[in-house]
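Scroll down for the structure; my scribbles are underneath it.
Note on naming: letters A, B, ... go to the chains in the order of the sequence lines (proteins, then strands), and numbering restarts at 1 for each one.
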Amino acid sequence: MARALLGCQLWQFHPLAGAWRAFHIVETEAYTQNDPACHAYNRTKGRAETLYSHPGTAYVYLIYGMYHCLNVVTEPHGTAGAVLFRALEPVDDHSLKTHGPGRLTKALGINRQAVNGIPLTQWEHGLCLSAGQEYPDAQVVQTTRIGITKAADYPWRFYVKDNPRVSVREPGH
DNA sequence: TCAATGATTGAG
DNA sequence: TCAATCATTGAG
């Protein structure tokens, strides 16, 4: 799913502009139930509850006391798993800082209280996923995930090659 | 109850 | 290199 979400579009209704705006997903990471780095690893309560809900549900959590991270639940109800959005490419407003998981939620005004648990599969909540452009395998890079210590060797990070929004940081540095 | 940690970022 | 800043976790 993390691979398939590259190139998909995330739409947001911008209240001030009174219009929808779109972003292409260009960097993702996968987390699953049996994955030691996953918030749902050996846990079902608290913030992990959202990870067990219906696929397409938004999972938003606070990290380092300052930054919110946006995920989409990818497994059937009752099984935990999600894909973290690490970078977006704005379709229209190129000035928005959407490079990095903390920056993109800040740019879109996404927080846990308002967004955690909402479906990204319908338009009513002002945030929605749709099909977008498809990137061929030649333009996709698969590497290990960023910023974690547990299960750091899982190659579950995907990004669009040469896209400037993607984190420059490479695993192992 | 309480100290340590973390799927990060920006400043120095 | 390091501080900001807090929900969550795990030890006592």
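Ring centers of A/Y61 and A/H39: under 6.0 Å apart, within the cut-off.
Looking at A/S95 and A/D93, their side chains do bring a donor and an acceptor atom within 3.5 Å of each other.
No side-chain heavy atom of A/V72 sits under 4.5 Å from any side-chain heavy atom of A/T57. Contact annotation: the side chain of A/D35 approaches that of A/R145 to within less than 4.5 Å [non-hydrogen atoms, C-beta and beyond]. Looking at heavy atoms from C-beta onward, A/Q133 lies in side-chain contact with A/H24 at the 4.5 angstrom threshold.
Separating the P atom of B/dC2 from that of C/dT5 is a span of 23 Å, rounded to the nearest Å. C/dA3 and B/dA4 have their P atoms separated by 15 Å, given to the nearest Å.
For A/E27 and A/R165, the salt-bridge test fails: no basic side-chain N is under 4.0 Å from an acidic carboxylate O. Between A/R3 and A/D137 there is a salt bridge, since a side-chain N of the basic residue sits under 4.0 Å from a carboxylate O of the acidic one.
Within a 6.0 Å radius of CD in A/E134, other residues, nucleotides and ligands contribute 12 heavy atoms or fewer.
The nearest heavy atom of DNA chain B to A/K106 and to A/Y59 marks one nucleotide each, and the one closer to the 5' end goes with A/Y59.
Sequence neighbours left out, the pairs with a member in residues 42-55 of chain A that pass side-chain hydrogen bond (donor to acceptor under 3.5 Å, both in side chains) are A/T50-A/N116.
Counting only Watson-Crick and G-U wobble pairs whose two key distances fall under 3.5 Å, DNA chain C forms stems of three or more stacked pairs at B:1-6 with C:6-11, B:8-11 with C:1-4.
Rounded to a whole Å, the CZ atom of A/F85 is 18 Å from the C1' atom of B/dT8. Going from atom CD1 of A/I148 over to atom C1' of B/dT8 covers 14 Å, rounded to whole Å. Taking atom CG of residue A/L51 and atom C1' of nucleotide B/dA7, one finds them 11 Å apart after rounding to whole Å. Protein atom CZ of A/R103 is 11 Å distant from nucleotide atom P of B/dT8, rounded to whole Å. Atom CD in A/E29 sits roughly 12 Å away from atom C1' in B/dT8 (whole-Å rounding).
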statement: Reading nucleotides 5-10 of chain C from 5' to 3' and marking B where a protein heavy atom lies under 4.0 Å of the base, S where only the sugar-phosphate is that close, and - otherwise, the string is BBSSSS
